[in-house]
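Notes for the one structure printed next.
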Amino acid sequence: MIYDWIRVFLATGFVQTLPEKQWLTPLIHEHKLHCSEYGCPIVSHSLQWGPNLYVTGALAELEVGPIARNISGARQAAQLIVNSL
């Protein structure tokens, strides 16, 4: 039997917005930090967003990828930052 009415929807539930926007927005404007069209930080390969400012977690997603918010992402971010110092 063939089911032509079955639909499969896959979604992560991820909203592409800047986390912790209420305190980050003033920092972004004050230090003229670069962001994507969704508000995410545009960082270097070493996760540097500005002078002496590095990011991890959700703020590092554009460089680290989808694992940025979990433990393996934290390890990768730490390694990238330490290697750049």
Side-chain angles (χ1 to χ4, degrees):
M1 182 183 291
I2 297 175
Y3 297 101
D4 61 356
W5 51 267
I6 294 177
R7 304 265 194 268
V8 177
F9 295 95
L10 303 173
T12 63
F14 178 73
V15 178
Q16 295 180 337
T17 61
L18 184 65
E20 303 300 329
K21 197 172 191 174
Q22 61 274 13
W23 65 267
L24 272 176
T25 300
L27 181 73
I28 291 167
H29 294 300
E30 182 180 337
H31 296 282
K32 298 176 177 68
L33 300 170
H34 298 287
C35 297
S36 74
E37 63 183 279
Y38 299 110
C40 296
I42 298 176
V43 299
S44 70
H45 181 66
S46 63
L47 304 181
Q48 186 172 11
W49 194 12
N52 299 314
L53 177 62
Y54 294 82
V55 298
T56 63
L59 297 176
E61 281 183 328
L62 289 181
E63 190 62 36
V64 176
I67 65 166
R69 294 181 187 230
N70 63 38
I71 293 172
S72 60
R75 287 184 182 134
Q76 183 177 344
Q79 191 65 52
L80 290 169
I81 294 168
V82 167
N83 287 344
S84 74
L85 300 176

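When reading the values below, keep in mind they use all heavy atoms of this one structure, side chains included, and skip hydrogens, waters and symmetry mates.
- Transitive grouping of hydrophobic side chains (ILVMFWY, heavy atoms separated by less than 4.5 Å) keeps Val64 and Val82 in distinct clusters.
- The CZ atom of Arg69 sits 11.5 Å away from the OG1 atom of Thr56 when rounded to the nearest 0.5 Å.
- To the nearest 0.5 Å, atom CD of residue Glu63 and atom CD of residue Gln76 are 9.0 Å apart.
- Around the CG atom of Leu85, the shell of radius 6.0 Å holds more than 12 heavy atoms that belong to other residues, nucleotides or ligands.
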For this session: Kindly determine whether Val43 and Leu59 satisfy side-chain contact (heavy atoms from CB on, under 4.5 Å), including the steps that lead there.
Result: CA-CA 9 Å; Val43 299; Leu59 297 176; over 6 Å; no
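- Although no hydrogens or angles enter the test, the distance criterion places a donor-acceptor pair under 3.5 Å between the side chain of Trp49 and the main chain of His34.
- Side-chain contact between Ser46 and Asn83: absent, with no pair of heavy atoms (C-beta onward) separated by less than 4.5 Å.
- Taken to the nearest 0.5 Å, the CG atom of Leu24 stands 10.5 Å off from the NE2 atom of His29.
- Across every non-hydrogen atom of Leu33 and Gly50, the tightest pair is CD2-CA, 4.0 Å.
- Cluster annotation: Ile81 and Leu62 are assigned to distinct hydrophobic clusters (Ile/Leu/Val/Met/Phe/Trp/Tyr, side-chain heavy-atom contacts under 4.5 Å, transitive).
- Contact detail for Glu61 and Ala68: the closest heavy-atom pair is CG-CB, 3.6 Å.
- Grouping the Ile, Leu, Val, Met, Phe, Trp and Tyr side chains by contacts below 4.5 angstrom, directly or via other members, places Trp23 with Tyr54.
- Under the 4.5 Å side-chain heavy-atom criterion for ILVMFWY residues, no single connected hydrophobic cluster contains both Ile42 and Leu47.
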For this session: Take His31 and Leu53 through the test side-chain contact (heavy atoms from CB on, under 4.5 Å) and record every step on the way to the result.
Result: CA-CA 10 Å; His31 296 282; Leu53 177 62; over 6 Å; no
